[in-house]
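Just below is one structure, and these are the notes that go with it.
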Amino acid sequence: MRTQVAIVGAGPAGLLLSHLLHLRGISSVVLEARSRDYVERRVRAGVLEQGTVDILNAAGVGERMTREGLPHHGIELRFGGAGHRIAFEELVPGRAITVYGQQEVVKDLIAARLAAGGEVLFEAPAVALEGLDTEHPAVIFERDGVRERLEADVIAGCDGFHGVSRPAVPDGHLTVYEREYPFAWLGVLAQVAPSTVELIYARNDRGFALHSMRGPEISRFYLQVPPDADIAEWPDEAIWAELRARLETVPGFKLAEGPVIEKGITPMRSFVVEPMQYGRLYLAGDAAHIVPPTGAKGLNLAVADVRVLTDALAGWYAGEGDAALTAYSETCLRRVCRAQHFSWWMTTLLHTFDSDDAYGRRLQRSYLDYVTTSTAAATTLAENYVGLPQV
Ligand code: APR
Ligand code: PHB
């Protein structure tokens, strides 16, 4: 098999890249290890920056997002027995976020790829990448137990943190920057109307809690839990009790409860490789970088990467040379590293750390007070949260 761009992974990065390339007349084949059903059901984060919304709309895949997505103009930081609103409309006028589940974005992208005759091969895991430092790279993949070879001009590694693309780069070419956190997030999807209009980020001595949503009848919650927590230790009643303890901390707030549809535990990690490319391999999305979800940046970074990569590849195929491709990593990492800092900062601002002494906790409280009373500090949070302009 041969194509122009071989794409490993059908998450948001791989699917959107394939679609954006198609719109520029460039062919691609997407190889995905899992089934279509599995990737469409995988529950992930759900906050889209305006720049992400704009890119999805311009790509013609925004129709359902426009209909069902929830525009939000602020978030609440809840601590010390009170809620404090970060008002986007005042701090960053004209900029907002849209709450729309990542798996809905994935469904929309798969539908658009298939409607346009795009080739997305499910249950076709890549097992090796070859010839990355030649002009004829190839992906070896398996389909129905048979090994096949996909030849291409370039390979886009969009296979997430645990994929095969990043490890295919020979030793010594990538520098890793990373940080592990001493906690994980327990995520819960529940069939109940949200108890809040805007997202609540709650700092609590028992640990962080987040109240988000997916629509008028579906709520999404997260709880900070120990890094080795086992979902079997978290029956639904225990989850609701903990959510109540961490969220019902302001006068008059009562958490509505309902059946739990889905629950799972996600580790928290910060991770970046530099550069995001090697030879004819370009890494995008979680394959190149992971952020803790506190800043809701993961999906948005993946979208920004593939937008930059599409422009660079389109220029290269149009005979404009390889300057933009060569600059791909540097261009992306400016945004990625800003989001790395923001996500780390939001995480340390809102979580409890066993290692923190009384002094550390006092500083954290001081910073929370500052962010919610100083316009300058609140603007820093707001402009990063809604997303800095795309380059
Ligand atoms: N061969 C083919 N596909 C693979 C392989 C492989 N060897 N290994 C992994 N994959 C697939 C995964 O099954 C997954 O569908 O690659 C895809 C990667 O998708 P994501 O993990 O969703 O990563 P990405 O597309 O970069 O999306 C960005 O933003 O909100 C965050 O972490 C969240 O997934 C999200 C990310
Ligand atoms: C979500 O709705 O899943 C969500 C919202 C905000 C975050 C992380 C996840 O910071």
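When a ligand or atom number is given, it counts from 1 through the structure's own listing order.
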Report summary line: Counting heavy atoms under 4.0 Å, the part of Val99 that contacts ligand 2 is neither
Query raised in the report: Among protein heavy atoms, which lies nearest atom 2 (O) of ligand 2, and at what distance?
Result: Ser212 OG, 2.6 Å
Report summary line: Within 4.0 Å of some non-hydrogen atom of Val47, the atoms of ligand 2 are 5 (C), 6 (C)
Report task. Determine, considering heavy atoms only, which of Arg44, Glu142, Gln103 sits nearest to atom 20 (P) of ligand 1. Result -> Arg44
Query raised in the report: Does an N or O from Gly163, backbone or side chain, lie closer than 3.5 Å to an N or O of ligand 1?
Result: no
Requested in this report: Heavy-atom contacts with Gly46 under 4.0 Å: which atoms of ligand 2 show up? List them by number with element.
Outcome: 1 (C), 2 (O), 3 (O)
Requested in this report: Show the numbers, then the answer: is there a side chain to side chain contact (heavy atoms under 4.5 Å, CB included) between Val336 and Gln340?
Outcome: CA-CA 6 Å; Val336 167; Gln340 285 284 338; 4.2 Å; yes
Report task. Applying ring pair (Phe, Tyr, Trp, His ring centres under 6.0 Å), run through Phe353 and Phe183 and close with a yes or a no. Result -> CA-CA 8 Å; Phe353 289 76; Phe183 40 76; 5.2 Å; yes
Report task. Examine the proximity of ligand 2 to Ala296 and report which part, side chain or backbone, both or neither, has a heavy atom under 4.0 Å away. Result -> both
Requested in this report: Inspect the contact between Arg143 and Glu123 and indicate whether a charged nitrogen and a carboxylate oxygen are less than 4.0 angstrom apart.
Outcome: no
Query - Proximal ligand 2 atoms for Leu199, defined as those under 4.0 Å from one of its heavy atoms - result: 5 (C), 6 (C)
Query - ligand 1 contacted by Arg42 (non-hydrogen, < 4.0 Å) - result: yes
Report task. Considering only Ile, Leu, Val, Met, Phe, Trp and Tyr, and joining two whenever side-chain heavy atoms are under 4.5 Å apart, list the other residues clustered with Ile261. Result -> Val43, Leu189, Ile218
**Report entry** Identified side-chain contact (heavy atoms from CB on, under 4.5 Å) partner of Met65 from the options Val105, Leu48, Thr52
**Finding:** Leu48
Query raised in the report: Would you call Arg85 and Glu90 a salt bridge, taking side-chain N to carboxylate O under 4.0 Å as the test?
Result: no
**Report entry** Salt bridge present between Glu151 and Arg149 (N-O < 4.0 angstrom)
**Finding:** yes
Query raised in the report: Counting heavy atoms only, which of Gly285, Ala33, Pro12 is nearest atom 27 (O) of ligand 1?
Result: Pro12
**Report entry** Residue of the set Tyr181, Tyr222, Trp185, Phe79 for which ring pair (Phe, Tyr, Trp, His ring centres under 6.0 Å) holds with Phe208
**Finding:** Trp185
Query - Contact check: Arg214 vs ligand 2, nitrogen or oxygen atoms, below 3.5 angstrom - result: yes
Query raised in the report: Does Cys158 approach ligand 1 within less than 4.0 angstrom via side chain, backbone, both or neither, non-hydrogen atoms only?
Result: backbone
Query - Ring-face cation contact, Phe161 with Arg166, 6.0 Å cut, 45° max - result: yes
Report summary line: Near Ala45 (heavy-atom distance under 4.0 Å), the atoms of ligand 2 are 3 (O), 9 (C)
Requested in this report: Compare Tyr201, Tyr385, Tyr222 and give the one whose heavy atom is closest to atom 3 (O) of ligand 2.
Outcome: Tyr222
Query - Nearest atoms (heavy-atom pairs only) where Ala10 meets Val120 - result: CB-CG1, 4.2 Å
Query raised in the report: With atoms numbered from 1 as shown, which atoms in ligand 2 lie under 4.0 angstrom from a non-hydrogen atom of Pro293?
Result: 7 (C), 8 (C), 10 (O)
Report task. Can you pull out the closest protein heavy atom to atom 17 (C) of ligand 1? Residue, atom name and distance to 0.1 Å, please. Result -> Glu32 OE1, 3.6 Å
